[in-house]
Amino acid sequence: MKIHEYQAKQILSQAGIRVPKGNVAATAAEAGRIAAELGGRCVIKAQVHAGGRGKAGGIRAATSAADAEGLAARMLGSRLVTAQTSAEGAPVSRVLVEETVEVARELYLGMTVDGSAMAPVMMASTAGGMEIEEVAHTQPEKILKMAINSVSGFQPFHGRQLAFGLGLEPPLMAQATSLMANLYRLFVTQDLSLAEINPLVVTKDGRLLPLDCKLNIDDNALFRRPELAALRDPQQEDALELQALSLGVRNYIKLDGSIGCMVNGAGLAMAVLDQITSAGGRPANFLDIGTANNTERVVNAFKVFKADTRVKAVLVNIFGGMARVDVIAQGIVEAHQQMDITFPIVIRLAGTNVDAGKKILEASGLRFITASDMKDAAEKAVKAAKR
Amino acid sequence: MKIHEYQAKQILSQAGIRVPKGNVAATAAEAGRIAAELGGRCVIKAQVHAGGRGKAGGIRAATSAADAEGLAARMLGSRLVTAQTSAEGAPVSRVLVEETVEVARELYLGMTVDGSAMAPVMMASTAGGMEIEEVAHTQPEKILKMAINSVSGFQPFHGRQLAFGLGLEPPLMAQATSLMANLYRLFVTQDLSLAEINPLVVTKDGRLLPLDCKLNIDDNALFRRPELAALRDPQQEDALELQALSLGVRNYIKLDGSIGCMVNGAGLAMAVLDQITSAGGRPANFLDIGTANNTERVVNAFKVFKADTRVKAVLVNIFGGMARVDVIAQGIVEAHQQMDITFPIVIRLAGTNVDAGKKILEASGLRFITASDMKDAAEKAVKAAKR
Amino acid sequence: MSILVDKNTRLLVQGITGGEGSFHAQRCQEYGAKVVAGVTPGKAGSQVAGIPVFNTVEKAVRETGANASIIFVPAAFAADAIMEAADAGIPLVVCITEGIPTLDMVTVTGYLNLRGARLIGPNCPGVISPGKSKAGIMAGEIHMPGAVGVVSRSGTLTYETVAQLTALGLGQSTCVGIGGDPIVGSSFADMLQLFQKDRATRAVVLIGEIGGSKEQEAAEFIKTMTKPVIAFVAGATAPPGRRMGHAGAIISGSSGTAKEKMAALKAAGALIAPSPAQIGETVKQVLGKDSRR
Amino acid sequence: MSILVDKNTRLLVQGITGGEGSFHAQRCQEYGAKVVAGVTPGKAGSQVAGIPVFNTVEKAVRETGANASIIFVPAAFAADAIMEAADAGIPLVVCITEGIPTLDMVTVTGYLNLRGARLIGPNCPGVISPGKSKAGIMAGEIHMPGAVGVVSRSGTLTYETVAQLTALGLGQSTCVGIGGDPIVGSSFADMLQLFQKDRATRAVVLIGEIGGSKEQEAAEFIKTMTKPVIAFVAGATAPPGRRMGHAGAIISGSSGTAKEKMAALKAAGALIAPSPAQIGETVKQVLGKDSRR
């Protein structure tokens with residue numbers, strides 16, 4: 001789960017990490033007041049769940065409180081289009097008003113969990129302010145990586161090694177190791193899946209400050225982090241995905257094509273997308289219907305397909321295992337009973353209770369396009385969507 | 001470092017472990033008031049740093065607030081002599097006034113660090129209320145032990161295995177695993193060296209309650225546990241040991257003989273005690289003078305010997321390594337200059353700067369009994385003490 | 001022969017009194033697995049389909065000699081269950097549970113490493129050695145005994161693959177789902193190593209996914225193998241930065257894409273199936289050509 | 001030959017710019033040890049008696065090839081220093097520091113186990129292989145090269161023993177103080193195993209103390225040894241339940257007493273010195289009688 005920059009900085013601050021002075025504002029007047037408290041000169045940052053804000057005009061310097069109020073007024077209520085958002089952009093309902101910082105150096109500090117090391121990894125780089133994946137690709141030697149196993153946890157020596165590696169001598173070294181220790185503790189105690197401070201700046205007055213910060217929370221751990229789960233901002237999420245979620249269809253991701261997909265299992269679902277693409281079509285979504293054996297979720301998935309005006313055809317590919325084919329088939333029939341479905345449906349069924357499932361579809365008297373395997377299904381769906 | 005039962009229970013309570021209702025009192029009137037709040041019927045427990053209080057009359061049942069006040073009045077200000085105290089006993093300056101609990105079963109739960117497992121170990125037994133070392137000796141199968149390594153930490157399965165092993169079925173099982181998890185967290189986060197809940201009782205109304213509790217804190221970790229260090233009660237410590245401590249002579253332990261000992265190194269100091277004993281004498285103390293190379297500590301050690309009226313002779317056995325023999329010798333001379341020393345002093349010197357040390361003693365013109373090795377020294381000290 | 005499970009496997013089911021645990025304990029039993037015990041704390045003394053239930057794994061192992069465990073307990077309690085199995089000395093732990101917090105798995109894998117236990121999963125379909133034993137949730141009837149090893153990060157895509165193989169008359173030695181999470185107990189390379197040593201396995205199918213670098217690590221091991229490996233990586237058309245159902249299936253940076261993974265596998269000598277529907281055919285081509293037994 | 005340290009030991013001194021670190025770095029150097037580097041964070045570029053100082057152990061190892069470390073940093077920072085050395089790949093770490101919190105050592109020993117590094121100490125005098133190298137704080141001049149291995153929980157009692165041996169013309173192969181704390185990196189049994197394998201060692205002196213059960217574990221190993229072991233356990237007359245300077249030296253329960261320890265050692269075949277002043281004599285008797293080379 002993603003959260004906003006201002007929320008991430010509040011969390012850093014609670015974890016004992018010093019952040020730039022400032023506050024979040026939901027109205028232009030509020031932004032002006034905060035700017036005045038900061039002495040007028042400040043930075044106004046649009047709060048959206050996407051990077052690339054600077055180039056897109058989402059981060060602006062204000063010279064006075066009035067200027068700040070004006071900038072905030074223009075940002076608030078608008079949609080910000082960055083390289084990382086969709087073409088419609090993300091809605092700006094809050095701005096972060098922060099002190100202007102005189103930057104001497106820009107560094108990068110990040111944490112994630114490394115599946116190969118099976119441990120949290122702290123990453124540091126002198127190439128701060130840049131897209132770290134770009135740096136990893138072009139200048140891998142510029143990224144210091146340290147896997148921190150859970151036997152030792154984060155020790156001061158980890159911090160010294162990274163800090164000296166960044167060229168930070170005392171007393172900045174001590175600031176850096178303390179910040180890293182706090183970030184590690186935050187990461188492991190709060191179930192973060194990603195923490196990025198980019199840039200982490202050394203100010204001209206000798207402070208180490210997170211100028212921007214991104215924290216993602218492990219979705220699987222939200223059940224035990226209710227205070228973090230409460231930070232979700234639904235406005236930043238796609239409308240169709242939100243609708244799917246509210247209908248209990250959890251593993252739904254909107255894509256940009258015209259073929260709605262309903263598959264059981266994430267791997268098979270990805271393979272179906274691949275198969276559609278190689279058949280010359282474009283999927284409208286990823287959807288792993290999962291294994292919960294009830295017809296309601298199937299009906300709800302069809303509600304989402306119907307709400308998606310781009311969908312010209314639907315491909316159902318089910319290989320029963322945990323999931324039972326007859327239940328899925330029953331769900332498809334119920335969907336037709338509950339709503340007016342006009343798009344063609346290609347169905348490929350296999351696995352547990354497949355015969356019972358096929359009988360249900362036949363008995364319904366409804367028209368479906370049946371397919372013998374996933375390749376056949378993909379080709380038929382592409383053809384159906386083009387009609 | 002030891003603390004009182006009432007302090008230990010406060011710490012348990014802060015760690016989320018339910019303890020019997022009650023409070024500590026320094027006056028009989030206070031004890032009466034607490035007893036009244038508890039409904040009159042209660043238990044009065046003398047707070048001393050020693051076990052065996054029950055048999056020694058340090059734990060008494062009161063039937064009313066007035067009764068409680070009377071019992072407290074008799075305990076407070078007295079000295080309690082138990083099997084674990086010296087003959088003079090330990091002073092009672094506080095009593096714990098607690099609810100009377102109807103006991104259905106008595107269990108034992110303890111934690112310590114096992115040097116062989118190199119990990120904290122949780123121990124549980126159905127033989128609650130008994131001296132656990134006695135149980136370990138006579139019925140070792142009655143003690144369940146579980147080493148908890150720092151990779152996993154305490155996991156619910158550890159708790160279930162111990163709880164089921166104690167015959168605790170749900171819902172007591174859940175109470176027990178939660179209590180154990182809290183005790184483990186307390187132990188490792190607060191640098192305890194020993195935690196014993198004995199007995200841990202199952203009450204007739206189905207509660208799991210620590211009826212008595214002993215917590216010791218790792219002396220080496222007191223520097224980072226100031227709030228625990230503040231719980232020290234000097235009244236419970238031996239006067240000579242306290243004096244030694246206040247003089248900076250840290251590794252001093254009072255024994256019951258007549259030969260004062262000053263040795264460098266704990267192992268050698270123990271060996272010297274053994275040598276004195278095998279020569280037919282009895283040491284007055286254990287004293288590892290350590291390696292701090294200053295004469296003041298040596299002088300202070302002699303102040304302690306002088307304050308100890310039982311000391312008839314002093315044995316100095318120094319094998320210089322980190323510690324320099326000349327500094328020790330200089331200290332001995334300074335001690336004679338600062339105070340009137342009447343007991344004979346047997347000195348055996350070896351190791352770093354031994355020649356310089358011997359010269360200092362010779363040049364002083366003072367009379368010492370010199371010895372060639374530790375056996376010789378012990379024999380001469382025993383002889384000197386008998387004169 | 002086969003890997004991981006066979007006729008000697010004595011299976012314990014953790015969470016056996018729950019809906020899924022009870023259902024699959026019986027399916028495994030029906031398939032021929034020796035299901036010797038179940039564990040649900042507080043339910044000792046009861047039975048599920050004749051299988052005795054114990055309060056703790058330690059006790060279950062002591063009384064029944066269980067040497068493998070399959071876990072169905074909910075995500076919040078699964079890490080504890082895995083460690084309990086390892087602590088009790090069980091050498092093979094299969095965790096079906098999906099949705100375990102990633103940092104729990106950091107602890108679990110560290111602990112299992114210490115105890116020397118092998119974990120398959122979590123968030124996986126488990127293991128089947130067709131005709132011998134099953135410690136998993138896959139439908140037994142689509143499988144057929146034979147000489148192809150299958151290892152996959154995905155459940156249903158494994159079924160798809162197995163169905164293709166069986167339809168072409170290509171039986172399987174063992175099929176393993178290693179799980180779709182960012183941290184899983186066993187890697188592709190771990191399983192390839194076992195398949196390489198297994199006399200019954202003549203070729204291995206590896207089914208990867210976008211995200212992480214487990215396929216690249218597998219490629220390093222494939223370079224040392226003498227048996228043919230047929231590979232497919234799902235998610236070539238998935239958008240970057242999104243979690244595709246499997247928590248591990250996020251493309252981050254350049255190394256997680258299906259394209260790079262397939263390139264690494266190909267460079268290491270694996271044959272890449274052109275589409276998910278053609279995995280079986282590709283295996284058939286390879287085994288047809290392969291002169292080694 | 002010898003154990004742990006010899007002419008090939010390239011010693012790193014952690015905390016080299018402190019009083020003790022600097023003093024003993026020079027004493028080790030004077031004794032003939034190759035002291036190749038020192039570490040004090042923030043002091044990189046400086047020198048102590050010609051020894052280059054680095055900010056981190058990792059860097060020091062990379063630049064100087066140090067393969068052993070001796071640690072003099074204060075107790076509050078010592079655990080971190082030990083782990084830093086192990087993390088940098090140093091196989092032998094000697095920690096002199098006294099007063100390290102016990103739970104820090106739980107973490108440290110778990111981590112070193114993972115990294116495969118050996119720790120001697122903490123709260124110990126270190127290691128000396130007379131005539132070859134010294135990674136310790138013992139006075140070099142009381143030692144003499146020879147065939148007796150010495151292992152002890154105590155510092156000065158080791159000196160006492162060595163002085164007795166040297167006075168009797170019995171040189172030492174290696175002398176190791178394993179440390180007096182409840183949790184130390186290496187046990188008696190670990191050291192006995194090395195001495196048993198060491199061709200230069202003909203007999204081993206083991207000096208134990210009250211508290212814990214390390215001597216009993218040593219006894220188990222002694223049963224398997226072909227070389228004679230001469231033992232003494234200090235603290236026979238110490239009162240129970242008190243911490244005798246060494247945190248480990250507390251008699252708790254029945255198993256920690258000198259009497260029980262000596263009985264266990266004796267039963268395992270060790271010769272018990274009748275008093276601490278007679279350790280040397282006892283060794284002389286044994287080696288006189290011992291016909292094996």
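Just so it is clear, the model here is predicted, and its values are computed rather than measured. What you see below is based on every heavy atom in this structure, not just the backbone, and it leaves out hydrogens, waters and symmetry mates.
Looking at B:R224, only its side chain comes within 4.5 Å of chain D, counting heavy atoms on both sides. Using a 4.5 Å cut-off between heavy atoms, B:R225 makes no contact with chain D at all. D:I100 touches chain B through its backbone: at least one of N, CA, C or O sits under 4.5 Å from a heavy atom, while the side chain does not. Only the side chain of B:F223 has a heavy atom closer than 4.5 Å to any heavy atom of chain D. Interface remark: D:F23 contributes no atoms to any contact with chain B (heavy atom separation under 4.5 Å). Within the 4.5 angstrom heavy-atom criterion, no atom of B:A350 approaches chain D. Using a 4.5 Å cut-off between heavy atoms, B:D274 touches chain D through backbone and side chain atoms alike. At a 4.5 Å heavy-atom cutoff, B:N149 makes no contact with chain D through either its backbone or its side chain.
The side-chain heavy atoms of B:N285 and B:I253, taken from C-beta on, include no pair separated by under 4.5 Å. Side-chain atoms of D:L103 and B:V113, non-hydrogen and from C-beta on, do get closer than 4.5 Å to each other. The side-chain heavy atoms of D:L206 and D:V233, taken from C-beta on, include no pair separated by under 4.5 Å. Side-chain atoms of D:F72 and D:Q14, non-hydrogen and from C-beta on, never get closer than 4.5 Å to each other. Using a 4.5 Å cut-off on side-chain heavy atoms (C-beta onward), B:I318 and B:I289 make contact.
Side-chain N/O atoms of D:E141 and D:Y31 include no donor and acceptor closer than 3.5 Å. In this structure, a donor-acceptor pair under 3.5 Å is absent between the side chains of B:S193 and B:N216.
Of the listed residues (D:E217, D:M105, D:M138), the greatest number of heavy-atom pairs within a distance under 4.5 Å of chain B belongs to D:E217. Taking B:R250, B:R348, B:R282 one by one and counting their heavy-atom pairs under 4.5 Å with chain D, the maximum is reached by B:R348. Annotation: maximal heavy-atom pairing with chain D below 4.5 Å, among B:N317, B:V272, B:D114, B:L268, occurs at B:L268. When the candidates B:G351, B:A269, B:S116, B:P120 are compared by the number of heavy-atom contacts under 4.5 Å with chain D, B:S116 comes out ahead. The most heavy-atom pairs under 4.5 Å with chain D, out of B:L287, B:I276, B:V188, B:L222, come from B:V188.
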Original post:
Going through the distances and angles, do D:D87 and D:Y111 end up as a side-chain hydrogen bond (donor to acceptor under 3.5 Å, both in side chains)?
Top reply: CA-CA 9 Å; D:D87 184 73; D:Y111 188 73; 2.9 Å; yes

**OP:** Apply side-chain hydrogen bond (donor to acceptor under 3.5 Å, both in side chains) to the pair D:Q172 and D:S129, showing each step before the final yes or no.
**Re:** CA-CA 7 Å; D:Q172 304 91 42; D:S129 293; over 6 Å; no

